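Let me begin by presenting the structure, written as structure tokens, before commenting on it.
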Number of protein chains: 2
Amino acid sequence: MERNLSLNLHVLTARLDRAADRILRAEHGISYSRFLALTLVGELGASTQRTLAEYLGVTEPSVSRMTGVLAADGLLDVQPDPAGGNRRRLSLTDAGKRRVTSIRQEFEDRLAAVVAESGVPYAEYAEHTARLLATFDRLEREAGK
Amino acid sequence: MERNLSLNLHVLTARLDRAADRILRAEHGISYSRFLALTLVGELGASTQRTLAEYLGVTEPSVSRMTGVLAADGLLDVQPDPAGGNRRRLSLTDAGKRRVTSIRQEFEDRLAAVVAESGVPYAEYAEHTARLLATFDRLEREAGK
DNA sequence: TTGGCTAAGTTAGCATGCTAAGTTATCCCC
DNA sequence: GGGGATAACTTAGCATGCTAACTTAGCCAA
């Protein structure tokens, strides 16, 4: 068996995530997962836990636990949604905003440097990856998931 | 912030891994992680825990625990390496071999179907992914890691 | 030969993913 | 208005990743 695409994707991403996590913990005192959650709330408007779970690609229980921790750390504000339902309204605290804005661009730049070094055309690879994600998303939805 | 490349890679892989895990557990009664480990021992000749950790892109303690479980399940044989050192010599049991060979090609085929559906050129994407992994690997090694 | 170095593996404990099952809030139909 | 759906969330417990620190086995130089 050659190292096939699914394995390479798995391993590449595992290494990138691990590196991101190491850098963030060392330089900013926060895990990659928590940073992603804060970023998605702050910049993509993930305003409920359900939405945040979708953006992150994880399940609701995972998000539920994490929002609890982030709220306890004073980085995230979690309130019942005044519009009703059983939703939580998520928003960054000032401390959360400071944390996110002080970091945001760094990773993409570092990854872009790796991509440049490798000779892989960035725009094309990014577009292909986005397209695969969108297609996989659609197929899972159609399959009833 | 747009959904950038690092986030898309993270989420795409998380979903692929989750789907693979669901399918394997339902249809073959084994987790994706354990299947990958068995496959790499059987087909790429990962003959020590150190090597297996490298192939999988995880750390030695993670592998150490998993080989223990796989050995307890009777799928993997773990022996002190007769050549000396503190190595373990890893090999599939007959049950392990049966498990792997009955599954192997399925995932790559399913992923290839998603790729085809998306219109992304498979060979090119696979080659780019492999190149990124190789480059990242080299950069980490050079950085002393 | 012995004391330290290195490589490989293990143990302990935490972070964060999951599924299954339960809770809470709203809606809608009779 | 009451009862069952539905959606969002939580709780419980397991799987598997990590780091830090320890153990084990062999090697090498004084």
Side-chain angles (χ1 to χ4, degrees), chain A residues 10-11 13-26 29-38 46-73 76 78-90 140 145, chain B residues 10-11 13-26 29-38 46-73 76 78-90 140 145:
Chain A
H10 176 90
V11 172
T13 302
R15 299 240 175 126
L16 289 174
D17 286 354
R18 215 189 326 165
D21 199 63
R22 245 185 286 119
I23 291 168
L24 271 182
R25 282 175 197 274
I30 191 173
S31 74
Y32 184 47
S33 302
R34 292 180 190 182
F35 167 71
L36 280 179
L38 292 179
S47 55
T48 67
Q49 295 186 175
R50 182 81 203 76
T51 309
L52 180 53
E54 275 167 17
Y55 284 177
L56 284 171
V58 303
T59 60
E60 287 170 78
S62 301
V63 165
S64 179
R65 177 171 44 194
M66 194 156 55
T67 55
V69 174
L70 289 171
D73 285 353
L76 187 68
V78 181
Q79 296 294 334
D81 188 334
N86 196 28
R87 295 187 198 84
R88 306 292 174 266
R89 156 113 10 139
L90 304 178
E140 280 208 319
K145 189 20 182 348
Chain B
H10 176 90
V11 172
T13 303
R15 299 239 175 126
L16 290 174
D17 286 354
R18 216 190 324 167
D21 198 63
R22 244 185 286 120
I23 291 167
L24 271 181
R25 282 175 196 274
I30 191 174
S31 73
Y32 184 46
S33 302
R34 292 180 190 182
F35 168 72
L36 281 179
L38 291 180
S47 55
T48 67
Q49 297 187 174
R50 182 80 203 75
T51 309
L52 180 52
E54 276 167 17
Y55 283 178
L56 284 171
V58 303
T59 60
E60 285 171 80
S62 301
V63 166
S64 179
R65 177 171 42 193
M66 195 155 56
T67 54
V69 173
L70 289 172
D73 284 353
L76 187 68
V78 181
Q79 297 293 335
D81 188 334
N86 195 28
R87 295 187 198 83
R88 307 291 175 266
R89 156 115 9 141
L90 304 178
E140 280 207 319
K145 181 27 182 349

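The structure presented is a predicted model; accordingly, all values stated were derived computationally and were not measured. In what follows, chains are A, B, ... by sequence order, proteins preceding strands, each numbered from 1.
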Looking at B:Arg87 and D:dG26, is any side-chain donor or acceptor paired with a base atom of the opposite kind under 3.5 Å? no
Touch class at under 4.0 angstrom, heavy-atom based, for B:Arg25 against every strand present: sugar-phosphate
Of D:dC9, D:dT16, C:dA12, the nucleotide closest to the side chain of B:Pro61 is C:dA12
5′-ward residue of the pair A:His10/A:Thr67 relative to DNA chain D: A:Thr67
Between protein and nucleotides 1-5 of chain C, what N or O pairs are separated by less than 3.5 Å?
none

Nearest whole angstrom, please: distance from the C1' of D:dG17 to the CZ of B:Arg18. 16 Å
If you only use heavy atoms from C-beta on, which nucleotide in C:dA8, D:dG17, C:dT11 is closest to the side chain of B:Val58? D:dG17
For B:Arg22, is there an ion pair with A:Glu140 - N to carboxylate O distance below 4.0 angstrom? yes
Which of D:dC9, D:dA15, C:dG9 is nearest the side chain of B:Arg34? It is D:dA15
How about A:Val58 and A:Met66: do any of their side-chain heavy atoms sit closer than 4.5 Å? no
List for me each residue that meets side-chain hydrogen bond (donor to acceptor under 3.5 Å, both in side chains) alongside A:Arg25, sequence neighbours excluded, and say none if there are none. A:Asp21
Just by distance, do the side chain of A:Arg50 and the backbone of A:Arg87 share a donor-acceptor pair under 3.5 Å? no
Name of the residue among A:Leu70, A:Leu24, A:Thr67 meeting side-chain contact (heavy atoms from CB on, under 4.5 Å) with A:Arg34: A:Leu70
Nearest-0.5 Å distance, OG of residue B:Ser31 to CG of residue B:Asp17: 11.0 Å
Between atom CD of B:Gln49 and atom CG of B:Asp81, what is the distance when rounded to the nearest 0.5 Å? 11.5 Å
Side chains of A:Asp73 and A:Ile30: does their closest heavy-atom pair fall under 4.5 Å? no
Nearest-nucleotide 5' precedence on DNA chain C, A:Gly85 against A:Asp21: A:Asp21
Quick one: label A:Ser33 by what it contacts on the DNA or RNA (base, sugar-phosphate, nothing), any heavy atom closer than 4.0 Å. sugar-phosphate
Between CG of B:Asp73 and P of D:dT16 the distance, given in whole Å, is 10 Å
Output the rounded distance in Å from CD (A:Glu54) to C1' (D:dA8). 12 Å
Can you measure A:Arg50 atom CZ to D:dT10 atom C1' for me and round it to whole angstrom units? 15 Å
Tell me the interatomic distance from B:Arg89, atom CZ, to C:dA7, atom P, rounded to whole angstroms. 20 Å
Could you tell me whether the side chain of B:Asn86 has a donor or acceptor atom within less than 3.5 Å of a complementary atom in the base of D:dA25? no
Tell me what A:Glu60 touches on the nucleic acid: a base, only sugar-phosphate, or nothing, going by heavy atoms under 4.0 Å. base
In whole angstrom, what separates A:Ile23's CD1 from D:dC18's P? 16 Å
Under the 3.5 Å rule, do the base of C:dG9 and the side chain of B:Arg65 count as making a donor-acceptor pair? no
Are B:Leu90 and B:Val78 close enough that some pair of their side-chain heavy atoms sits under 4.5 Å apart? yes
Roughly, in whole Å, what's the span from CG in A:Leu70 to P in D:dC9? 15 Å
Is any side-chain nitrogen or oxygen of A:Gln49 closer than 4.0 Å to OP1 or OP2 of D:dT10? yes
In whole angstroms, the gap separating P of C:dT16 from OH of A:Tyr32 amounts to 13 Å
Between A:Thr59 and C:dT19, does any side-chain N or O lie under 4.0 Å from OP1 or OP2? no
How is A:Ser62 classified with respect to the nucleic acid when contacts are heavy atoms under 4.0 Å: base, sugar-phosphate, or nothing? base
What does B:Arg88 touch in the nucleic acid at a heavy-atom separation under 4.0 angstrom: a base, only the sugar-phosphate, or nothing? sugar-phosphate
Quick check for you: among D:dT10, D:dA8, C:dG9, whose closest atom lies nearest to any side-chain atom of A:Ser64? D:dT10
